[in-house]
Amino acid sequence: MRFEPAEFVKSAGNKSGFIRDGRPCVVFSGKSNVGKSSVINCLLGRKNLARVGSAPGKTTNVNYFLVADAVWFVDLPGYGYAKVPKTERERWGRLMEDFFSEPERITMGVQIVDGRHKPTELDGMMFELFSGCGCPLAVVANKWDKLKSSEKEPNLALIRDTLGIADDVTLLPFSAEKKLGRQELTALIAGEVDRC
């Protein structure tokens, strides 16, 4: 499938705003400074549809993008940014609990991690939430272009071991900036959507 046209439809700050219209939902998650918006924009061939913030933590609600009038790209709030007040972190936790309490709506999860570093505790928590849903899942190691060749294989092993990624779960090196991995991730998403 072609990921166009694509448009931002709404931002939901609580469960009453979640969209439940039967279309497939591809759900993107990642910490605040991992380049989540850039990955979404890269997939959609757009520069600024998903907002790319100058400071981490710009995505604070569940954002819905309608793609090809057929599938939702769902951008979950970024997590793990130290300057976010405690009340905001607690709101994020409640929002995630509510979102993942309806796992049947998630067609596929895309968990974005920083390919340069060991996944954080919150990365692990999000991975467990997706795994608990039983939905197909891809882990995207973004910022891959920033790594030296000698770091790449060890970093993939570190990410897989830290998160406990099973052999049948895709771990995909990715660079939103260089479009590395775009074709592979597009094919994975299209395959899951086609099965719906």
Side-chain angles (χ1 to χ4, degrees), residues 1-4 6 8 12 18-19 23-46 49-52 58-59 61-68 70-80 92 95-96 99-100 102-115 117 119-120 122-144 156 159-160 162-166 168-196:
M1 66 176 289
R2 294 179 64 85
F3 291 162
E4 57 183 15
F8 171 75
F18 296 161
I19 293 177
R23 288 185 176 100
C25 287
V26 180
V27 180
F28 295 81
S29 176
K31 65 182 182 179
S32 296
N33 59 349
V34 78
K36 181 163 48 73
S37 296
S38 296
V39 170
I40 294 171
N41 287 331
C42 175
L43 290 173
L44 297 177
R46 300 281 290 273
L49 184 63
R51 289 181 301 170
V52 179
K58 290 294 186 185
T59 305
N61 293 331
V62 177
N63 291 330
Y64 288 86
F65 301 88
L66 183 58
V67 181
V71 57
W72 292 107
F73 275 20
V74 183
D75 183 9
L76 296 182
Y79 53 81
W92 174 83
L95 193 61
M96 292 303 92
F99 188 85
F100 283 94
E102 301 176 50
E104 66 281 356
R105 292 186 301 107
I106 303 174
T107 304
M108 178 180 178
V110 179
Q111 173 70 34
I112 303 166
V113 299
D114 191 327
H117 306 298
T120 66
L122 284 172
D123 286 327
M125 188 187 87
M126 291 304 302
F127 181 80
E128 288 299 320
L129 283 172
F130 277 124
S131 298
C133 288
C135 64
L137 174 62
V139 177
V140 170
N142 195 27
K143 306 188 180 183
W144 203 247
L156 281 180
I159 293 166
R160 192 171 283 281
T162 302
L163 295 179
I165 302 173
D168 61 344
V169 173
T170 298
L171 173 56
L172 181 65
F174 198 94
S175 168
E177 186 176 321
K178 304 290 186 184
K179 296 185 170 56
L180 171 72
R182 180 180 185 270
Q183 187 173 347
E184 292 86 347
L185 185 54
T186 298
L188 283 172
I189 293 171
E192 294 302 335
V193 169
D194 286 346
R195 277 190 269 276
C196 291

Out of curiosity, [X] [atom1] to [Y] [atom2], how far, rounded to the nearest 0.5 Å?
X      : Y      : atom1 : atom2 : value
Leu172 : Leu185 : CG    : CG    : 6.0 Å
Arg23  : Tyr64  : CZ    : OH    : 12.5 Å
Ile159 : Leu171 : CD1   : CG    : 5.5 Å
Trp92  : Asn61  : CH2   : CG    : 14.0 Å
His117 : Lys143 : NE2   : NZ    : 7.5 Å
Asn63  : Phe28  : CG    : CZ    : 12.5 Å

Answer whether the closest heavy-atom distance between the side chains of Met96 and Pro77 falls below 4.5 Å. yes
Are Ile40 and Phe3 packed together at the side-chain level, in the sense that at least one heavy-atom pair is separated by less than 4.5 angstrom? no
Of the non-hydrogen atoms in [X] and [Y], which two are nearest, and what is the gap between them?
X      : Y      : value
Ala70  : Pro24  : O-CD, 3.2 Å
Cys42  : Ala176 : SG-O, 3.9 Å
Arg182 : Leu44  : NH2-C, 4.4 Å

Could you pull out all donor-acceptor pairs under 3.5 Å where a side-chain atom in residues 122-134 meets a protein atom, sequence neighbours excluded?
residue, atom, partner, partner atom, Å
Asp123, OD1, Tyr79, OH, 2.5
Asp123, OD2, Thr120, N, 2.9
Asp123, OD2, Thr120, OG1, 3.2
Ser131, OG, Phe127, O, 2.9

Taking the side chain from [X] and the backbone from [Y], do they hold a donor-acceptor pair closer than 3.5 Å?
X      : Y      : answer
Trp144 : Leu180 : no
Asn41  : Leu49  : yes
Lys36  : Leu76  : yes

Please evaluate residues Ser29 and Gln111 with respect to the criterion side-chain contact (heavy atoms from CB on, under 4.5 Å), reporting the C-alpha separation (whole Å), side-chain torsions for both, the decisive distance (0.1 Å), and the verdict. CA-CA 5 Å; Ser29 176; Gln111 173 70 34; 3.6 Å; yes
Residue pair Trp72, Leu66: steps toward the side-chain contact (heavy atoms from CB on, under 4.5 Å) verdict: CA-CA 5 Å; Trp72 292 107; Leu66 183 58; 3.5 Å; yes
Report the C-alpha distance between Phe8 and Asp75 in whole Å, list the side-chain angles of each, state the deciding distance to 0.1 Å, and finish with yes or no for side-chain contact (heavy atoms from CB on, under 4.5 Å). CA-CA 10 Å; Phe8 171 75; Asp75 183 9; over 6 Å; no
Looking at Glu104, I want to see if its CD is surrounded by more than 12 non-hydrogen atoms of other residues, nucleotides or ligands under 6.0 Å. yes
Test Phe99 against Arg105 for side-chain contact (heavy atoms from CB on, under 4.5 Å), laying out the working first. CA-CA 9 Å; Phe99 188 85; Arg105 292 186 301 107; 4.0 Å; yes
